[in-house]
Chemist: 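Before I ask anything, let me first share the structure, which is written out below as structure tokens.
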Amino acid sequence: MIKAEQKPFEEILEYLAPYNKILLSGCGACVTVCHAGGEKEGALLASALRMARQKTGKPLEILESTPARQCEPEFAQELSDTIGRVQAVLSVSCGVGVQTLARHFPATQIFPGVNTLFMGETVEHGVWEERCQACGDCILEKTAGICPIARCAKQLLNGPCGGSANGKCEIKRETDCAWQLIYDRSKSLGQLHRLTEIIPAKQWGVQSRDSGPRRIVREDLKV
Amino acid sequence: MKSGSNLEKVFVNGHFAVTAELGPPKNNDVSVIQRKVDFLRGYVDAVNITDNQTAIVRMSSIATSAFVIQMGMEPVMQMVTRDRNRIAMQSDLFGATALGIKNIVCLTGDHHTFGNQVNAKNVHDLDSVQLINLVKTMRDEKTLMGGEEKFEGDIKLFIGGAANPFADPFEFRALRTAKKAAAGVDFIQTQCIYDMERFKEWMKMIRDLGVHEKVHIMAGITPLKSAGMARYMAKNVAGITIPDAIIDRMAKAAKGSEEGIKICVEQIQEVREIEGVHGVHIMAIEWEQMISKITEMAGLLPRPKVE
């Protein structure tokens with residue numbers, strides 16, 4: 001899922017300085033799972049903001065709402081009435097959710113309350129790691145199910161660089177070397193021979209973000 | 001002949017080749033290049049021109065290589081995939097060969113966060129194996145990447161790559177070099193060797209894969225200046241191992257720098273005896289003035305005149 005982290009509190013306060021009534025919108029999906037922008041985090045942030053503004057003598061009224069998925073139009077629409085009653089929105093959903101609100105409410109300023117970081121998995125309670133960069137042309141079948149595009153700092157497709165030592169990456173020594181993982185897993189799968197094949201240059205310009213934002217159109221699903 | 005470079009001719013004539021390294025200035029001062037060339041000319045067959053090594057901004061390897069040619073030496077231009085996409089690299093290959101550059105070493109490059117531009121967006125459009133293959137395609141097929149239309153003129157380049165027998169996973173290291181051979185590399189320069197046993201083990205794997213028959217392996221040697229440098233490298237540089245015996249020897253020596261040169265000469269003589277090692281790449285980091293002494297003590301002079 002998408003992983004995010006709350007923005008620095010002072011930065012958020014600065015966005016909201018001109019307003020005295022806002023909506024703080026969370027999201028019930030990814031940011032709830034990574035404890036960055038669910039109902040609970042939204043409520044905590046709202047209390048902290050109210051207190052901070054109370055101290056300055058310019059109180060901030062905050063309405064709260066947490067749609068199930070802020071990135072879906074029908075859930076975003078649920079916020080219409082509330083948004084009509086506020087001057088601005090602080091969204092603690094991911095960058096997608098912020099833009100969904102921006103698209104639906106052209107006359108309302110929507111501020112991001114989190115930094116959207118990556119698509120990743122939970123490796124242990126409270127620890128998330130990046131796993132996919134949505135390159136648009138999955139090669140996991142060639143790399144034993146471990147993605148070197150998301151997990152190698154140099155995105156190497158043909159084996160580890162000279163900075164792999166004791167299973168770790170030289171750039172962040174707490175990070176596993178993706179190619180050590182690929183090697184180990186290929187070995188345990190009896191697939192080491194696959195690593196001798198040269199993986200050709202990726203066609204970044206065809207499938208990836210490099211040719212602009214991507215779009216999926218499914219005629220069979222349109223209504 | 002693939003390139004007609006001096007380095008290629010030295011190999012083809014069966015000589016034991018010698019290359020050194022020249023780091024471009026951190027400015028546009030050509031006199032720095034001249035001073036380093038003056039230390040090296042006549043003692044090596046060609047000199048590697050590094051491409052913003054350790055991700056510190058320096059004069060470009062292509063411009064420095066062109067100056068080195070003017071100064072009467074043969075450059076081995078390094079090109080890293082960190083900073084350029086395939087458009088820029090192919091464009092630079094046209095330019096480099098037009099400037100008379102005949103050797104290239106294709107590298108991924110040190111990660112940008114090690115250097116002085118930590119907020120840069122790194123590129124890595126290709127990796128080093130793919131770059132090797134790109135250069136080979138331009139040289140042998142005269143086509144651009146993914147293109148069918150042949151271009152005019154020749155891209156005569158002797159293609160090099162790097163190998164680090166001391167990084168992990170060790171068992172994959174020779175396989176990775178074999179991939180570079182399959183991609184079209186002509187010669188390989190290794191990371192600095194201090195752990196001679198591990199290097200010999202890697203060379204055995206290289207021979208078992210038959211890579212030594214397709215590719216000229218050049219053993220990488222870096223003279224140590226002091227016990228402190230040895231300890232620093234052993235501790236801080238991932239992918240370099242320095243056995244305690246060498247660190248002890250440096251520490252006990254009356255003069256560390258002299259001992260470092262002695263060790264370096266012994267290493268050169270030892271790698272020369274290993275089957276499949278066709279040369280040495282001496283990386284005397286900011287110590288280019290020692291190359292004349294090292295090559296002389298190691299019995300590598302005079303350098304062959306080849307046609």
Side-chain angles (χ1 to χ4, degrees), chain A residues 133 135 139 142-144 146-188 191-211, chain B residues 55 80-82 85-87 89 107-114 118 122-134 137 145-146 161-184 189-192 209 220 234 236-241:
Chain A
Q133 290 212 334
C135 73
I139 56 158
K142 296 191 173 86
T143 56
I146 291 151
C147 179
I149 292 167
R151 301 178 68 176
C152 167
K154 299 178 180 176
Q155 304 193 320
L156 300 185
L157 295 182
N158 285 290
C161 79
S164 172
N166 304 313
K168 298 294 177 185
C169 172
E170 66 174 337
I171 294 142
K172 288 184 189 161
R173 298 212 176 172
E174 73 278 10
T175 302
D176 292 327
C177 167
W179 276 99
Q180 177 78 55
L181 298 176
I182 293 168
Y183 179 83
D184 291 343
R185 195 168 144 74
S186 298
K187 197 172 178 181
S188 67
Q191 297 276 311
L192 274 183
H193 61 278
R194 296 220 56 179
L195 299 187
T196 60
E197 291 166 22
I198 293 177
I199 299 183
K202 266 188 90 69
Q203 297 185 26
W204 300 109
V206 179
Q207 302 281 4
S208 84
R209 226 280 324 163
D210 292 34
S211 43
Chain B
V80 301
T81 62
R82 176 192 62 215
N85 69 8
R86 64 192 79 178
I87 300 170
M89 287 193 285
L107 304 165
T108 304
D110 298 312
H111 196 259
H112 72 283
T113 52
F114 290 137
V118 295
N122 64 21
V123 180
H124 299 302
D125 179 20
L126 305 181
D127 65 22
S128 56
V129 174
Q130 294 158 352
L131 175 58
I132 287 165
N133 199 245
L134 164 74
T137 304
M145 192 163 201
N164 186 356
F166 311 103
D168 293 321
F170 180 55
E171 307 76 27
F172 192 51
R173 290 291 150 183
L175 287 177
R176 181 154 157 84
T177 305
K179 281 179 100 163
K180 291 188 177 181
Q189 295 169 328
T190 76
Q191 177 62 284
C192 333
L209 291 165
N236 297 304
V237 185
I240 287 192
T241 49

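By convention in this document, chain letters (A, B, ...) are assigned in the order of the sequence lines, proteins followed by strands, and residues within each chain are numbered from 1. A quick note: this is a predicted structure, and the numbers were derived from the prediction, not measured.
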Chemist: Give a yes or no on whether the backbone of A:Asn158 and the side-chain of B:Asp127 come within a donor-acceptor separation of less than 3.5 Å.
Modeler: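 Indeed, once roles are kept as given, a pair shorter than 3.5 Å links the two residues.
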Chemist: For A:Leu195, is it the side chain, the backbone, both, or neither that has a heavy atom closer than 4.5 Å to a heavy atom of chain B?
Modeler: both
Chemist: With a 4.5 angstrom heavy-atom cut-off, could you sort out which part of B:Phe114 is near chain A: side chain, backbone, both or neither?
Modeler: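 Only the side chain of B:Phe114 comes within 4.5 Å of chain A.
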Chemist: Return yes if some donor-acceptor pair links the side-chain N/O of B:Gln130 with the main-chain N/O of A:Ile198 below 3.5 Å, else return no.
Modeler: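 A pair under 3.5 Å: no.
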Chemist: Report the option among B:Leu175, B:Asp125, B:Val123, B:Val237 that has the most heavy-atom pairs separated by less than 4.5 Å from atoms of chain A.
Modeler: B:Asp125
Chemist: With a 4.5 angstrom heavy-atom cut-off, could you sort out which part of A:Pro200 is near chain B: side chain, backbone, both or neither?
Modeler: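 Contact with chain B is through the backbone of A:Pro200 alone.
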Chemist: Do A:Trp179 and B:Arg176 make a side-chain contact, defined as non-hydrogen atoms from C-beta onward lying under 4.5 Å apart?
Modeler: no
Chemist: Kindly give the heavy-atom pair with the smallest separation between A:Trp204 and B:Arg86, and that separation in Å.
Modeler: CD1-NH2, 3.5 Å
Chemist: Tell me, out of A:Ala165, A:Gly162, A:Ser164, who's got the most heavy-atom pairs with chain B below 4.5 Å.
Modeler: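 Most pairs with chain B among the choices: A:Ser164.
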Chemist: Quick one: SG on A:Cys161 to CG on B:Asp110, what's the gap to the nearest 0.5 Å?
Modeler: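 Here the interatomic distance stands at 9.0 Å.
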Chemist: Parallel, tilted or perpendicular, judged at 30° and 60°: which one describes the rings of A:Tyr183 and B:Phe172?
Modeler: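 It falls in the tilted class, 30° to 60°.
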Chemist: Answer yes or no: are there more than 12 heavy-atom neighbours, outside A:Ile139 itself, under 6.0 Å from its atom CD1?
Modeler: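 Atom CD1 in A:Ile139 is crowded, with more than 12 foreign heavy atoms closer than 6.0 Å.
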Chemist: What residue, out of B:Arg173, B:Lys179, B:Met145, B:His112, has the most heavy-atom pairs lying under 4.5 Å from chain A?
Modeler: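 If we count pairs closer than 4.5 Å to chain A, B:Lys179 comes out on top.
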Chemist: Just verifying a value: how many Å separate A:Glu170 CD and B:Thr113 OG1, rounded to the nearest 0.5 Å?
Modeler: 8.5 Å
Chemist: With a 4.5 angstrom heavy-atom cut-off, which part of A:Asn166 approaches chain B: side chain, backbone, both or neither?
Modeler: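 For A:Asn166, heavy atoms of backbone and side chain both lie under 4.5 Å from chain B.
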Chemist: Tell me, side chain or backbone of B:Arg82 under 4.5 Å from chain A's heavy atoms, or both, or neither?
Modeler: neither
Chemist: By a 4.5 Å heavy-atom criterion (distance strictly below it), what part of B:Ala183 contacts chain A: side chain, backbone, both, or neither?
Modeler: both
Chemist: With a 4.5 Å limit on heavy-atom distance, are the side chains of B:His111 and A:Lys154 in contact?
Modeler: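 Of all side-chain heavy-atom pairs linking A:Lys154 with B:His111, at least one is under 4.5 Å.
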Chemist: Look at atom CD of A:Glu197 and say whether more than 12 heavy atoms of other residues, nucleotides or ligands are closer to it than 6.0 Å.
Modeler: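 Yes - once you tally the heavy atoms of other residues, nucleotides and ligands closer than 6.0 Å, there are more than 12.
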Chemist: Go through the atoms of B:Asn164 and report whether side chain, backbone, both or neither lie under 4.5 Å from a heavy atom of chain A.
Modeler: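 Looking at B:Asn164, just its side chain touches chain A.
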